Amino acid sequence: MAVERVPEESLPAELTSYVGRRTELAEVRKLLGTSSLVTLIGPGGVGKTRLAARAAATARAAFGGDVVFVGLADLREPELLVNTVAERLGLGDRSSRRPIELLVDQLRGRRLLLVLDNCEHLVEACAWLVDTLLGSCPELVVLATSRQSLGVTAERVLPVLPLEVPEPGTAPAELERYDAVRVFADRATAVVPSFAIDESNADDVIRLCRVLDGLPLAIELAAVRLRSLSVRQLADRLDKRFTLLSAGRRRIPTRHATFQALIDWSYELCTEQERLLWARASVFSGSFDLDAAEQVCAGDGLDREAVLDVLDGLIDKSILLREEDRGVARYRLLEMMRQYGEDRLLAAGDQTRRNRFHRDWYLELTSRFETEWFGSDQTAWINRLSREHANLRRALDFCASNPDESVVGLRMLRTFKEYWLVRGLNTEGRVWLDRLLSAAPDDAPERATGLWIYAFLAIVQSDVDAHETALAEAEELIAETGDTRAQAYVHHVRGYAALIGNEGERSAALFRRAAEALRAEQDQAGELWATYNYGLALSLAGDLERSREVLDECVRTCVERGEVFWRCWALWSRSAAEYLFGDHEQAVRAGMELLRLQDQVGDRVIIAFALTVMAGCAAHGDQPRRAARLFGAATTVWQWIGASPTNYAAFVEPTMRDITMVTGALGAETALAEFSAGSALSADEAVRYALGEPEPPAAADRPAAVPLSRRENEVAELVAKGMTNREIAQHLVIARRTAETHIDHILTKLGFTSRAQIAAWVAENRNRTNT
């Protein structure tokens with residue numbers, strides 16, 4: 001089976017290169033080679049995430065590039081842990097089987113390093129997940145970070161200690177070998193480029209690193225103060241603060257107290273507006289943009305027009321982190337800062353109100369999605385909601401907190417139901433609907449809508465009992481309320497179940513009723529959804545000409561609107577109708593068109609459907625080898641999404657017939673070889689093959705990749721000559737810190753942990769070049 005590679009960007013770029021931790025990094029890599037579960041434990045701010053990300057980056061080659069990083073800090077729902085991991089692995093969610101069973105199936109034979117970061121608030125769920133996976137997946141290795149161990153039998157625990165700090169009186173020339181000093185110098189030069197450690201400030205740097213107990217985050221926060229203080233002033237103030245903290249006793253406070261005092265000091269140095277924004281921004285989960293900050297955090301002492309300047313102030317103080325996504329700046333609180341702000345917001349009695357503001361902003365956002373997604377900005381809207389996924393969860397969690405808010409939550413889910421459908425988040429959608437429907441009053445106005453959405457997600461997962469139960473309850477409510485729009489969608493969902501069961505005439509009648517009713521409701525997206533299904537149902541009912549007319553009109557409507565998601569399904573419906581009952585050339589033409597759109601859409605479900613149809617067409621087009629390879633590719637994609645074409649009755653007999661035809665034409669051995677070759681393709685490779693695009697050259701035919709930049713190669717050569725960082729900097733006329741950064745990048749790219757390995761790599765490259 002093909003392994004879907006998660007791109008290198010899956011490892012947080014800002015975390016994979018940093019100062020220090022050479023010894024710990026080597027130990028982690030050693031443990032990853034001998035243990036199936038390694039857990040890095042330590043207090044917040046000690047650098048567990050950075051160490052894990054760096055270790056994963058350097059171990060990539062040992063796992064054939066198959067490394068997946070799953071950040072859990074923003075996940076609050078234990079029941080969504082398995083689905084979150086599965087989604088990060090690129091797996092689908094279209095089965096009634098338990099998600100953990102599908103995950104185990106996909107990982108059973110896969111050599112993978114799975115990084116689970118920030119497990120402490122989900123420790124029981126993480127322990128169960130890891131124990132289950134490791135019990136069935138012998139090639140899987142898990143690297144976890146947590147403030148406590150997971151308690152799993154196979155676990156090897158590696159405490160992540162604070163950075164090594166120098167003893168008082170250490171000579172300035174010796175300081176750079178201490179990681180705490182190197183981190184401080186790195187952050188200090190970022191703030192004050194002219195900063196350097198010398199005889200005049202060495203003792204103060206030592207005192208500072210010791211009073212901060214070598215905690216990386218504490219050192220980074222303190223270094224920011226060099227914008228306005230000297231090292232001596234900074235050390236004096238921290239020393240005084242900690243003396244007061246320990247009631248006059250001359251001792252270093254606990255690490256927790258160190259952080260508390262340092263963050264307290266950061267809070268005190270903020271302006272009143274910065275304090276307000278810090279506390280109010282704690283209601284966000286993950287990152288947020290300026291518009292959201294202005295809407296959620298403004299008011300009562302913080303003018304909307306001032307929010308941007310206040311954000312700048314918090315970034316300048318290293319309270320907020322700035323990141324950029326598709327040209328839009330976004331902001332994020334470190335988790336410890338978020339928790340501190342949350343405590344302040346709670347103490348001010350403002351948390352519930354700000355949570356409601358947060359929910360209202362995302363309700364407004366999803367309402368805009370409902371209005372605008374069916375058009376030329378569709379892909380951009382889907383991407384935007386993907387960026388806001390953690391905040392959508394946070395808003396829904398607030399809505400599920402009491403009956404009044406749950407009514408708003410049901411309305412909110414309706415506004416972005418297409419997001420769940422397009423992303424294939426079937427289980428997650430059902431989880432939220434379960435919670436909201438359980439909390440909402442029996443007469444909630446959106447209850448029938450929530451029930452039909454639940455019924456649709458259930459039938460997609462082949463959960464017939466849940467589907468029927470939800471629809472029956474929805475119809476009872478509709479009989480009482482006269483909700484004509486919900487009734488239209490109930491017809492649609494029943495039509496979909498009939499379509500799956502190959503009940504052509506019944507499904508066509510239901511879809512026609514749904515489309516007509518949705519047209520009357522002026523719900524164009526819903527009307528089109530029902531109409532392209534109606535077109536396919538007409539072909540199953542034996543009216544191919546009418547089917548063609550309906551589907552061609554659907555495609556034209558989508559093209560006029562600039563819409564792509566429903567257009568792909570209309571094209572697939574046309575392709576499927578022609579394959580089952582009509583012209584195979586037309587089937588291929590429609591299939592090729594929808595596959596070309598996958599650069600924009602990337603919908604594996606429709607790729608699976610399309611490859612199945614294309615394989616059948618190749619079988620009837622006297623292309624048995626191509627058919628066998630496409631069947632293999634389709635089978636793999638079906639497995640990724642947790643479904644099978646045999647779940648759809650109309651495809652059972654044709655698929656079996658065509659596989660038999662191909663096997664007879666090629667012989668069992670050749671057919672199996674071609675099928676296996678297809679099953680080894682990734683989804684992107686399978687699409688390229690189906691489109692007839694040239695395959696990328698085999699690894700042996702490709703020019704050797706040069707993993708290092710020109711400057712990095714220069715630095716590597718100097719390392720091989722035995723030069724120190726200072727000597728390299730002088731030789732290249734660059735800052736010493738720049739030289740150190742280049743060396744860190746070299747180690748990460750080559751998967752090494754020592755300078756000796758760099759020297760050996762340089763020597764090997766020279767020998768290869770000479771021969």
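Keep in mind that this is a model prediction, so the values were computed, not measured.
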Practice item. Please lay out, stage by stage, how Asp66 and Arg60 fare under the test salt bridge (charged side-chain N to carboxylate O under 4.0 Å, His left out). Key: CA-CA 7 Å; Asp66 207 5; Arg60 183 180 290 279; over 6 Å; no

Any residue meeting side-chain contact (heavy atoms from CB on, under 4.5 Å) with [X], in chain and number order, not counting sequence neighbours:
X	result
Ala455	His467, Ala470, Leu471, Val493
Ala643	Arg94, Trp638, Ile641, Asn647
Ala517	Ala488

Could you tell me the separation between the [atom1] atom of [X] and the [atom2] atom of [Y], rounded to the nearest 0.5 Å?
X	Y	atom1	atom2	answer
Trp420	Glu428	CH2	CD	4.0 Å
Leu457	Asp463	CG	CG	11.0 Å
Leu143	Leu116	CG	CG	8.5 Å
Asp105	Arg108	CG	CZ	5.0 Å
Arg29	Thr34	CZ	OG1	12.5 Å
Glu155	Leu150	CD	CG	4.5 Å

Exercise for review: Kindly indicate, with the supporting measurements, whether the criterion side chain to side chain contact (heavy atoms under 4.5 Å, CB included) is fulfilled by Tyr534 and Val550.
Suggested key: CA-CA 8 Å; Tyr534 172 54; Val550 169; 4.1 Å; yes

Practice item. Any ring-ring contact (aromatic ring centres under 6.0 Å, His included) involving residues 77-115? Give me the pairs, sequence neighbours left out, ordered by first then second residue. Key: none

If you look only at distance, which donor and acceptor atoms sit under 3.5 Å apart when one is on a side chain in residues 499-516 and the other is two or more places apart or in another chain?
from: Ser507; atom 1: OG; to: Glu503; atom 2: O; distance (Å): 2.9
from: Ser507; atom 1: OG; to: Gly504; atom 2: O; distance (Å): 3.0
from: Arg513; atom 1: NH2; to: His491; atom 2: NE2; distance (Å): 3.2

Applying side-chain hydrogen bond (donor to acceptor under 3.5 Å, both in side chains), name anything that partners [X], two or more places apart in sequence or on another chain.
X	value
Arg589	none
Glu527	Arg519
Arg567	none
Asp93	Thr427, Gln461

Minimum heavy-atom separation for [X] to [Y], with atom names?
X	Y	result
Val601	Cys568	CG2-SG, 4.0 Å
Leu72	Cys126	CD1-SG, 3.7 Å
Leu134	Leu140	CD2-O, 3.7 Å
Phe416	Leu385	CB-CD1, 3.9 Å
Leu544	Ser539	CD1-CB, 4.3 Å

Check your understanding: What do the steps show when you test Glu139 against Leu112 for side chain to side chain contact (heavy atoms under 4.5 Å, CB included), and what is the final call?
Key -> CA-CA 7 Å; Glu139 295 297 311; Leu112 169 73; over 6 Å; no

Contact check, side chains of [X] and [Y], non-hydrogen atoms, under 4.5 Å:
X	Y	value
Leu536	Ser547	no
Pro654	Arg657	yes
Asp523	Tyr489	yes
Arg110	Leu107	yes
Phe565	Phe374	no
Val68	Val115	no
Arg98	Leu102	no

Practice item. For the pair Asp599 and Arg596, evaluate salt bridge (charged side-chain N to carboxylate O under 4.0 Å, His left out) and give the outcome as yes or no after the intermediate values. Key: CA-CA 7 Å; Asp599 280 345; Arg596 290 189 191 99; over 6 Å; no

Review point. Under the ring-ring contact (aromatic ring centres under 6.0 Å, His included) criterion, do Trp569 and Phe609 qualify, and how do the steps go?
Key: CA-CA 10 Å; Trp569 282 107; Phe609 276 108; 5.5 Å; yes

Review point. Would a distance-only check, ignoring hydrogens and angles, find a side-chain to backbone donor-acceptor pair under 3.5 Å from Gln106 to Leu91?
Key: no

Review point. Any donor-acceptor pair under 3.5 Å linking the side chain of Ser35 with the backbone of Leu37?
Key: no

Practice item. Decide side chain to side chain contact (heavy atoms under 4.5 Å, CB included) for Leu611 and Thr635; before the verdict, give the C-alpha distance in whole Å, the side-chain angles of both, and the deciding distance to 0.1 Å. Key: CA-CA 9 Å; Leu611 292 176; Thr635 298; over 6 Å; no

Practice item. Report the C-alpha distance between Glu553 and Arg556 in whole Å, list the side-chain angles of each, state the deciding distance to 0.1 Å, and finish with yes or no for salt bridge (charged side-chain N to carboxylate O under 4.0 Å, His left out). Key: CA-CA 5 Å; Glu553 180 60 30; Arg556 281 193 294 272; 2.8 Å; yes

Side-chain atoms of residues 575-584: list all donor-acceptor pairs with protein atoms under 3.5 Å, sequence neighbours left out, distances to 0.1 Å.
from: Ser575; atom 1: OG; to: Ala587; atom 2: O; distance (Å): 2.8
from: Glu578; atom 1: OE1; to: Arg548; atom 2: NH2; distance (Å): 2.8
from: Glu578; atom 1: OE1; to: Asp583; atom 2: N; distance (Å): 2.9
from: Glu578; atom 1: OE2; to: Arg548; atom 2: NE; distance (Å): 2.5
from: Glu578; atom 1: OE2; to: Arg548; atom 2: NH2; distance (Å): 3.3
from: Glu578; atom 1: OE2; to: Arg574; atom 2: NE; distance (Å): 2.9
from: Glu578; atom 1: OE2; to: Arg574; atom 2: NH2; distance (Å): 3.1
from: Tyr579; atom 1: OH; to: Asp658; atom 2: OD2; distance (Å): 2.4
from: Asp583; atom 1: OD1; to: Glu585; atom 2: N; distance (Å): 2.8
from: Asp583; atom 1: OD1; to: Gln586; atom 2: N; distance (Å): 3.4

Review point. Which pairs count as salt bridge (Lys or Arg N to Asp or Glu O under 4.0 Å) when at least one residue sits in residues 612-626, sequence neighbours excluded?
Key: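 Sorted result for residues 612-626: Arg625-Glu674.
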
Check your understanding: Does the pair Ser36 and Val130 meet the rule for a side chain to side chain contact (heavy atoms under 4.5 Å, CB included), with working shown?
Key -> CA-CA 10 Å; Ser36 56; Val130 170; over 6 Å; no

Check your understanding: Does Arg629 make a cation-pi contact with Tyr689, if we ask for NZ or CZ under 6.0 Å from the ring centre and within 45° of the axis?
Key -> yes

With a 3.5 Å cut-off and sequence neighbours excluded, list the donor-acceptor pairs that the side chains of residues 77-86 form with protein atoms.
from: Thr84; atom 1: OG1; to: Leu80; atom 2: O; distance (Å): 2.7
from: Thr84; atom 1: OG1; to: Arg393; atom 2: NH2; distance (Å): 3.3

Exercise for review: Evaluate the ring-ring contact (aromatic ring centres under 6.0 Å, His included) criterion for residues Trp452 and Phe456: first the C-alpha distance (whole Å), next the side-chain angles of each, then the deciding distance (0.1 Å), finally the verdict.
Suggested key: CA-CA 6 Å; Trp452 79 251; Phe456 181 80; 7.2 Å; no

